[in-house]
Participant: 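Following this message is one structure expressed as C-alpha cells.
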Amino acid sequence: MAKREDYISWDEYFMGVAVLSSMRSKDPHTQVGACIVNSEKKIVGVGYNGFPIGCNDDEVPWEREGEWLDTKYPYVCHAELNAILNSISSNLKGCTLYVGLFPCNECAKAIIQAGIKEVVYLSDKYAEADNTKASKWMFDQTGVSYRKLAFTHPSITIGF
Ligand SMILES: Nc1nc(=O)n([C@H]2C[C@H](O)[C@@H](COP(=O)(O)O)O2)cc1CO
Ligand SMILES: [Zn+2]
C-alpha cells in the first residue's frame, strides 16, 4: 500500500499549532498564536496574546479606543513574546517562529535578541502601521528572514 499523499506540510503543521494556540486568546477583536520551532523541527515554545499572569482578564479592559490606560494595549502580552518567554529552551538561536500576524516592533526586538532567524506569518493586516515598518527594517538589518505561509491545505479541521 502506498503512503498517504494528503498529509499536511511541516509549515502547515506548525502554523496549525499557532492557530490552535490563538483559540485560547480572550481578545474579542484579534486572536494571535505563535509557535517556535528549532532546527530539528521540534516545537520549543507556544503562546497567544493575553494579559500577564495574575491579571484578572475579567477585570482588565479589552477596549481598542479611549484613554490609553483604559485600553488593552498597555497590558496585553503579544503571542510572540509569550512564546519566547514560555519556551522550554533558553537557547532559541536559529529557530523559526510561526505566527498568525506579522510581529510588532517590540516583539521584533525580542525575536532578534533571542536569535530567532526566520518568521513565517499568515496575515500582515497592519502592514501600513509604523510599528510593522520598524519590524521589517530591523529584520532586514539583522538578517531575520520573513515570509508569508505557503500552503496547499487552506483549512485543517480538528474534530473531537
Ligand atoms: N503581532 C502581533 N501579535 C499579537 O499578539 N498582537 C495582539 C495584541 C492585541 O491583543 C491584538 C491586536 O489587537 P487589535 O489592535 O487588532 O484589536 O493582537 C498583535 C500583533 C500585531 O503586531
Ligand atoms: Zn508584538
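Numbering of ligands and ligand atoms starts at 1, following listing order.
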Participant: Under a 4.0 Å N-O cut-off, is there an ion pair linking K72 with D27?
Facilitator: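 Yes, K72 and D27 are salt-bridged.
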Participant: Nearest to atom 13 (O) of ligand 1 by heavy atom, K125, K26, K72: which?
Facilitator: K72
Participant: Establish whether M15 and I111 are linked, either directly or via other cluster members, by ILVMFWY side-chain heavy-atom contacts under 4.5 Å.
Facilitator: no
Participant: Which atoms from ligand 1 have a heavy atom of H29 less than 4.0 Å away?
Facilitator: 14 (P), 16 (O), 17 (O)
Participant: Would you mind listing which atoms of ligand 1 come within a distance below 4.0 Å of any non-hydrogen atom of V76?
Facilitator: 8 (C), 9 (C), 10 (O)
Participant: Looking only at protein heavy atoms, which one is nearest to atom 5 (O) of ligand 1, and how far off is it?
Facilitator: A79 N, 2.9 Å
Participant: Looking only at side chains, do K125 and T30 share a donor and an acceptor under 3.5 Å apart?
Facilitator: yes
Participant: How does E80 reach ligand 1, by side chain, by backbone, by both or by neither, if only non-hydrogen atoms under 4.0 Å count?
Facilitator: side chain
Participant: Under 6.0 Å between the ring centres of F51 and W62?
Facilitator: yes
Participant: Taking only heavy atoms of R64, which atoms of ligand 1 are found under 4.0 Å from at least one of them?
Facilitator: 14 (P), 15 (O), 16 (O), 17 (O)
Participant: Atom CH2 of W10 and atom OG1 of T96: how far apart are they, to the nearest 0.5 Å?
Facilitator: 12.5 Å
Participant: Considering only non-hydrogen protein atoms, determine which one is nearest to atom 12 (C) of ligand 1 and report residue, atom name and distance to 0.1 Å.
Facilitator: T30 CB, 3.7 Å
Participant: Report, in ascending order of atom number, the atoms of ligand 1 lying under 4.0 Å from any heavy atom of Y126.
Facilitator: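 What qualifies from ligand 1 is 14 (P), 15 (O), 16 (O).
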Participant: Would you check whether N131 has a nitrogen or oxygen atom less than 3.5 angstrom from a nitrogen or oxygen atom of ligand 1?
Facilitator: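 The answer is no, given that N131 and ligand 1 share no N or O pair closer than 3.5 Å.
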Participant: Does an N or O from F102, backbone or side chain, lie closer than 3.5 Å to an N or O of ligand 1?
Facilitator: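 Between F102 and ligand 1, an N or O pair is found under 3.5 Å apart.
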Participant: Keeping to residues at least two apart or across chains, list the salt bridge (charged side-chain N to carboxylate O under 4.0 Å, His left out) pairs with something in residues 44-54.
Facilitator: none
Participant: For the backbone of D6 and the side chain of H153, can you confirm whether one donor and one acceptor N or O come within less than 3.5 Å of each other?
Facilitator: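 Such a contact is found between H153 side chain and D6 backbone.
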Participant: Measure the spacing between CD of E118 and CZ of F139 and express it to the nearest 0.5 Å.
Facilitator: 11.0 Å
Participant: In the protein, which heavy atom is nearest to atom 10 (O) of ligand 1, and how far is it?
Facilitator: D27 OD2, 2.7 Å
Participant: Please report which non-hydrogen protein atom sits nearest to atom 20 (C) of ligand 1, along with the residue it belongs to and the distance in Å to one decimal place.
Facilitator: L101 CD2, 3.7 Å
Participant: Under 6.0 Å from the ring centre and within 45 degrees of the ring axis: does the NZ or CZ of K136 meet both conditions for the six-membered ring of F102?
Facilitator: yes
Participant: Which of the atoms of ligand 1 are close to C104, meaning less than 4.0 Å from one of its heavy atoms?
Facilitator: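 Per the distance check, 1 (N), 22 (O).
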Participant: Below 4.0 Å from ligand 1: does a non-hydrogen atom of C107 turn up there or not?
Facilitator: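 In this structure, C107 fails to qualify as a contact of ligand 1 - no heavy atom is under 4.0 Å.
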Participant: With a 4.0 Å cut-off on heavy atoms, is Y73 in contact with ligand 1?
Facilitator: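 A heavy atom of Y73 does come that close to ligand 1.
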Participant: By side chain to side chain contact (heavy atoms under 4.5 Å, CB included), which residues pair with N56, not counting sequence neighbours?
Facilitator: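 Residues passing side chain to side chain contact (heavy atoms under 4.5 Å, CB included) with N56: D58, E59.
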